[in-house]
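In the text below, chain A, chain B and the rest are named by the order of the sequence lines, each starting its count at 1. For clarity, every value in this text was computed on a predicted model and none was experimentally measured.
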4 protein chains.
Amino acid sequence: MQVITHFVMTEKQEKILHSALELFAKEGYTATSTSKVAKHAGVSEGLIFRHFGSKEGLLDAILKEGEEQAKLLFASIVFETDPRLVIAKTIDMIESLGKSKEGFEFWKLQYKIKWETEKYSEQKMEALHMSLSNAFNKLGYETPDLEATFLLITMDGIATRLCLQESFQVESMITFLRRKYRV
Amino acid sequence: MQVITHFVMTEKQEKILHSALELFAKEGYTATSTSKVAKHAGVSEGLIFRHFGSKEGLLDAILKEGEEQAKLLFASIVFETDPRLVIAKTIDMIESLGKSKEGFEFWKLQYKIKWETEKYSEQKMEALHMSLSNAFNKLGYETPDLEATFLLITMDGIATRLCLQESFQVESMITFLRRKYRV
Amino acid sequence: MQVITHFVMTEKQEKILHSALELFAKEGYTATSTSKVAKHAGVSEGLIFRHFGSKEGLLDAILKEGEEQAKLLFASIVFETDPRLVIAKTIDMIESLGKSKEGFEFWKLQYKIKWETEKYSEQKMEALHMSLSNAFNKLGYETPDLEATFLLITMDGIATRLCLQESFQVESMITFLRRKYRV
Amino acid sequence: MQVITHFVMTEKQEKILHSALELFAKEGYTATSTSKVAKHAGVSEGLIFRHFGSKEGLLDAILKEGEEQAKLLFASIVFETDPRLVIAKTIDMIESLGKSKEGFEFWKLQYKIKWETEKYSEQKMEALHMSLSNAFNKLGYETPDLEATFLLITMDGIATRLCLQESFQVESMITFLRRKYRV
DNA sequence: TATGAATGAGGCTTCATTCAT
DNA sequence: CATGAATGAAGCCTCATTCAT
């Protein structure tokens with residue numbers, strides 16, 4: 001397998017990556033042709049294959065970059081020691097999901113890809129799950145593990161609505177969650 | 001109420017429909033070719049087009065049948081007057097989602113399609129949402145409308161896990177929900 | 001080969017024939033599908049094959065009926081003895097071509113078919129050619145045979161314009177011909 | 001006058017164009033499949049679509065090239081001042097129609113297309129018509145406009161015969177025309 | 001590094017025709 | 001006589017990928 005070094009990436013390589021992210025997120029992976037990506041990125045179709053080997057390789061590169069971002073995003077939660085703050089920051093993360101355009105697209109892609117490829121990357125979430133479970137435990141919840149799972153499931157549900165239901169209003173739901181968990 | 005006309009379907013027509021449901025749910029709509037559907041159903045590819053007009057027509061037929069089933073499924077909840085039972089039956093519904101193979105595939109398709117076509121059919125859920133909101137109100141919840149939305153969002157999250165995370169155990173989550181809502 | 005008896009033709013058979021004539025003339029033989037013909041005629045697709053054997057058989061039936069009509073049309077010219085009247089009637093025939101809708105469509109089909117199938121039915125015209133040649137001879141033209149061919153070629157040209165050039169005005173051309181041949 | 005940009009065409013692009021011209025002229029546009037064209041040109045079917053977008057695009061390319069050729073062909077007639085030569089050259093053009101294989105096929109296609117698409121391109125002929133009308137006027141013909149139309153109609157008729165009637169002998173008809181117009 | 005011509009497999013769809021009813 | 005379900009071949013077109021330049 002090809003190692004993607006994040007340090008050496010030409011301008012065109014990045015254009016391809018971002019175009020692919022945008023198009024895969026908008027139209028889906030299968031429905032987006034490499035020629036569409038090339039056109040959108042303003043490069044030749046061949047270049048995609050020179051840099052990423054195959055269409056799937058391009059997808060992998062996007063997902064890998066995504067994992068890096070996810071790690072960064074989770075880091076400040078995972079290393080938090082105050083249980084109340086762990087929960088608060090998790091909810092903050094959900095809230096921020098709908099704010100930056102790039103971030104939103106990135107998450108939308110993650111979910112779309114999951115549904116297209118049938119692979120829910122459980123490891124990525126594992127660290128977060130443990131932190132939450134630990135936090136709920138400290139706070140004296142009866143079944144902390146289930147509580148953690150439940151909150152993460154809620155996250156999935158909200159992400160689903162955010163991405164698919166135009167009329168969905170996150171804010172009130174976020175407020176609702178904060179009151180519910182008293183954070 | 002509306003009278004539902006059940007058109008007489010030939011045996012092969014039904015084979016096509018069920019094969020398509022299975023394959024669309026497994027591989028996704030775009031990634032499933034009509035020839036694959038035909039082969040799986042044991043019919044000629046042309047027959048799909050004689051009966052359903054186009055690949056999209058086939059999808060529509062599946063979704064339409066799905067809406068009928070959803071209506072039937074929701075009916076027993078919507079007409080329930082005991083608020084506790086409304087919630088209990090909603091949770092039962094989530095539970096039963098993972099049990100029958102056909103039912104599971106049908107719901108999986110619904111979600112996959114949502115993500116592929118970007119259309120969350122809000123109307124379908126509207127009746128359920130109102131019933132739940134009403135139930136939470138009767139039970140004295142502070143923000144019944146948000147509670148209803150929250151439960152439905154949880155449903156979306158559980159469905160996501162059920163479909164995408166092989167290791168997911170519904171039962172414990174169902175028990176958790178029942179305890180949480182005291183039903 | 002199948003003999004088409006003109007005496008026993010069911011109502012549906014005739015509907016098929018006329019629909020085919022209309023559609024072949026409008027869209028062309030190759031571009032008109034048997035299913036389109038069936039729909040237009042209000043019969044099942046199978047019936048076309050029961051009655052005419054194949055799509056080509058249907059075409060043959062139309063062309064055969066056409067030849068009958070052509071014979072009838074040419075009869076009054078061929079049996080005319082006055083040379084001036086032979087020419088006059090030929091020109092009259094051209095004039096009448098643009099008048100009745102059915103007749104017009106019939107001729108249009110004849111030409112379209114010729115161009116699609118590459119078969120100019122020379123025999124059909126042979127009798128007419130001889131009558132004209134004979135007439136020009138009696139009238140003392142130098143090269144009666146070429147004169148006859150020339151007039152028939154003019155007919156082809158006018159038919160082409162009539163069928164293809166919307167703005168074409170036959171009348172002035174007819175008058176022109178009558179003056180030219182003094183008939 | 002308009003500057004004609006000749007796009008650089010790859011060898012295969014030209015092979016496709018010529019094969020299509022030949023086959024469309026022989027079998028008709030609708031009846032000629034793109035796969036037949038590809039096979040005849042010795043290229044992959046996909047290449048047709050890369051270069052011409054669609055089957056219709058291929059046809060358009062042929063017709064466009066045809067119009068350029070027609071303009072060139074008509075130029076020497078239209079800029080002729082001697083009325084007798086205008087007519088002579090028009091008749092020469094008809095004569096030459098049957099001589100070069102490429103030229104013949106090109107005109108045959110023009111006519112076949114006209115009959116398949118029902119569009120007689122009147123503009124293309126307009127310049128020629130005016131030149132002829134003017135020439136007949138100078139030569140003292142009574143109805144020069146009708147004479148011009150008549151000659152062009154004769155051209156259509158001869159083209160019809162040339163393309164459709166195997167036994168047709170142009171030469172004698174050309175001689176006949178030359179004598180008739182004294183050119 | 002970058003292009004874009006070229007390909008072969010496969011996608012959706014239509015077609016003429018057959019056959020059981 | 002008449003229907004319409006069913007088929008297999010073919011039609012137009014798009015796709016991911018390769019390769020010479």
Closest-nucleotide ordering on DNA chain E, the 5'-leading residue of A:Gly46 and B:Thr32: A:Gly46
Provide, to the nearest angstrom, the distance between the CG atom belonging to C:Leu47 and the C1' atom belonging to F:dG4. 12 Å
F:dA6 C1' sits how many Å from B:Lys39 NZ, rounded? 18 Å
Taking only side-chain N and O atoms of D:Arg50, does any of them lie within less than 4.0 angstrom of OP1 or OP2 on E:dA6? no
Using a 6.0 Å cut-off, check whether atom NZ of D:Lys124 has over 12 heavy atoms from anything other than its own residue. yes
Cation over ring face, C:Lys114 and C:Tyr111, 6.0 Å, 45°: yes
Separation of atom CD1 in D:Ile48 from atom P in F:dC13, rounded to whole Å: 10 Å
Could you tell me whether A:Thr30 contacts a base, only the sugar-phosphate backbone, or nothing, with contacts defined as non-hydrogen atoms closer than 4.0 Å? nothing
What contact category does A:Thr34 fall into here, base, sugar-phosphate, or nothing, at under 4.0 angstrom with non-hydrogen atoms? base
For A:Leu59 and F:dT17, what is the distance between atoms CG and C1' respectively, to the nearest whole Å? 17 Å
On the ring face of A:Tyr29, is A:Lys55 found with NZ or CZ under 6.0 Å from the centre and within 45° of the axis? yes
For C:Glu45, report the nucleic acid contact type (base, sugar-phosphate, nothing); a contact means any heavy atom under 4.0 Å. base
Rounding to an integer number of Å, can you tell me how far B:Met9 CE sits from F:dA6 P? 12 Å
Option passing side chain to side chain contact (heavy atoms under 4.5 Å, CB included) with B:Val37 (candidates B:Leu21, B:Val43, B:Thr32): B:Thr32
Among F:dT3, F:dT17, E:dG8, the one nearest C:Ser44 by side-chain distance: F:dT3
Assert: residue with more 5' nearest nucleotide on DNA chain E, out of B:Ala31 and A:Val43, is A:Val43
Roughly, in whole Å, what's the span from CZ in A:Phe49 to C1' in E:dT7? 13 Å
Once you round it to whole Å, what is the distance between C1' of F:dA5 and CZ of B:Phe52? 13 Å
Atom NZ of C:Lys36 and atom P of E:dT13: how far apart are they, to the nearest Å? 17 Å
Count the heavy atoms belonging to other residues, nucleotides or ligands that lie under 6.0 Å from CD of D:Glu14, then report whether that count exceeds 12. yes
D:Ser33, nearest nucleotide to its side chain (from F:dG11, E:dC15, E:dT1): F:dG11
Residue pair C:Lys12/D:Ser35 against DNA chain F: nearer the 5' end by closest nucleotide is C:Lys12
Does atom CD of C:Glu56 have more than 12 heavy-atom neighbours from other groups under 6.0 Å away? no
Which is more 5' along DNA chain F, the nucleotide nearest D:Ser54 or the one nearest B:Thr10? Just name the residue. B:Thr10
If pairing means Watson-Crick or G-U wobble with both distances under 3.5 Å, then the partner of E:dG11 is F:dC12
Any B:His51 side-chain nitrogen or oxygen under 4.0 Å from OP1 or OP2 of F:dG4: no
Suppose we define a pair by two distances each less than 3.5 Å, Watson-Crick or G-U wobble; what does F:dG4 pair with here? E:dC19
